[in-house]
Amino acid sequence: MTARPWHADAWTRLQARRERDALPHALLLAGPAGLGKRDFLAAFVNGLLCQHPAAGVACGTCRGCQLLAAGTHPDLITLSFGLRKDGVTRSEIVVDQIRDLSQRLSMASQFGGWQVVTIDPADAMNAAAANALLKTLEEPTPSTLLALVADEPARLPATIRSRCQRIDFLVPSREAALDWLRAEGVQDAPAALEAAGGNPGMARAWAAGGALKQRGEVRHDLKALAAGRGDAMEVVKRWQAADPSRYLWFAAQAATDELRARASGKAAPLDSQLDDEALDGWYGKANRARDALRGPLRADLILIELLAAWR
Ligand SMILES: [Zn+2]
């Protein structure tokens, strides 16, 4: 993994605070998946718990680093989705996990240094868990750092957000992203980056996962349906079978590209029958459908409704 140039500023600022002994009690690392929030956090936490760090970077060889590498450092608590009694992984972080956490934090750090808690994905805490965490945030323990990671920070209560020092991860410039993708050995980096809306981490994953082919497939499907050809049920089945949320991402992107082509007087690639306003509405609908996939509705019903509005 090559260092991500778009992390440099946030890294420098955070290290400067550490050197001044002015680290906040709680951090919120916020921004879309694919920008390296988790790698950033891991590097920072490793530096905090390392016994011989150099300018905040872990040495990789001390006892602390060995325990971190083995995932058994006693002063690092990682909170994520737990298991239900029947062994199934939960889809939210629940209040019992936060209560256990407060109990553990009431004990001193074992190595006499920092105690670090990561909560990831923090935006998956349910309301009771978030409430319980608020108490922990309001009564911080010295030498304890809570780090929350959220792809969708807006889903966190404002009361939680306001008590954290926020580090925003933004989509970097096209040049920085392309440089990084090329250093990572990604083939056809510009096409992958365009498909991923400028998000380099997503572009890397998608270039490896055949997403570019999927992007072409979506455009082909939408064009056929707009022309009254193609079988919507067959499309639904295909989109549903493999990563429907990515199909919907590409569908929304296709709608934007269609609008952009019209606005610049070029031939619109999909020949959509919808007027500009309806097309813009359909773009929103595709994005909402992507969110809805996380909810209780059946994916095929969500897709059928969306495609019905296309024609
Ligand atoms: Zn070390």
Side-chain angles (χ1 to χ4, degrees), residues 1-31 33-82 93 97-98 100-122 133 136-137 140-151 163-169 172 176 179-180 183-185 200-201 204-205:
M1 174 92 45
T2 12
R4 296 171 174 86
W6 57 92
H7 285 179
D9 287 349
W11 181 263
T12 309
R13 275 200 301 274
L14 196 56
Q15 292 297 349
R17 290 193 71 153
R18 182 189 55 76
E19 276 165 29
R20 288 203 313 274
D21 224 356
L23 276 184
H25 291 292
L27 290 173
L28 169 60
L29 287 80
L35 299 183
K37 297 187 295 298
R38 291 167 180 98
D39 288 343
F40 180 99
L41 180 61
F44 183 71
V45 168
N46 288 6
L48 273 189
L49 297 178
C50 168
Q51 289 156 322
H52 310 291
V57 177
C59 73
T61 52
C62 70
R63 179 89 183 117
C65 284
Q66 285 173 11
L67 289 170
L68 284 167
T72 52
H73 198 299
D75 293 329
L76 173 62
I77 305 170
T78 55
L79 215 71
S80 190
F81 296 127
I93 291 175
Q97 294 176 275
I98 304 293
D100 288 348
L101 172 69
S102 322
Q103 220 160 43
R104 278 187 70 178
L105 287 180
S106 63
M107 294 180 278
S109 105
Q110 303 223 9
F111 275 45
W114 282 93
Q115 250 187 329
V116 181
V117 179
T118 65
I119 304 181
D120 180 15
L133 182 69
T136 308
L137 289 172
T141 338
S143 293
T144 296
L145 177 73
L146 268 85
L148 282 61
V149 182
D151 295 350
R163 280 173 177 78
C164 299
Q165 172 79 39
R166 182 166 166 150
I167 303 177
D168 277 303
F169 289 73
D179 283 351
W180 180 76
E184 288 283 293
R204 184 183 61 174

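Remember, it's 1-based here, ligands and their atoms both numbered in the order they're listed.
Of all protein atoms, those of element N, O or S that lie under 2.8 Å from the Zn ion (ligand 1) number 4.
Between Ser143 and Ser109 there is no side-chain heavy-atom pair separated by less than 4.5 Å. Under the 4.5 Å side-chain criterion, counting only non-hydrogen atoms from C-beta, Pro53 is not in contact with Cys59.
Rounding to the nearest 0.5 angstrom, the gap separating the CG atom in Asp75 from the CG atom in Leu145 is 12.5 Å. Interatomic distance, Leu137 CG to Leu148 CG, rounded to the nearest 0.5 Å: 7.0 Å.
Residue Arg17 qualifies as enclosed at atom CZ: its count of foreign heavy atoms under 6.0 Å is above 12.
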Verdict with reasoning, Lys37 to Asp120, per salt bridge (Lys or Arg N to Asp or Glu O under 4.0 Å): CA-CA 11 Å; Lys37 297 187 295 298; Asp120 180 15; over 6 Å; no
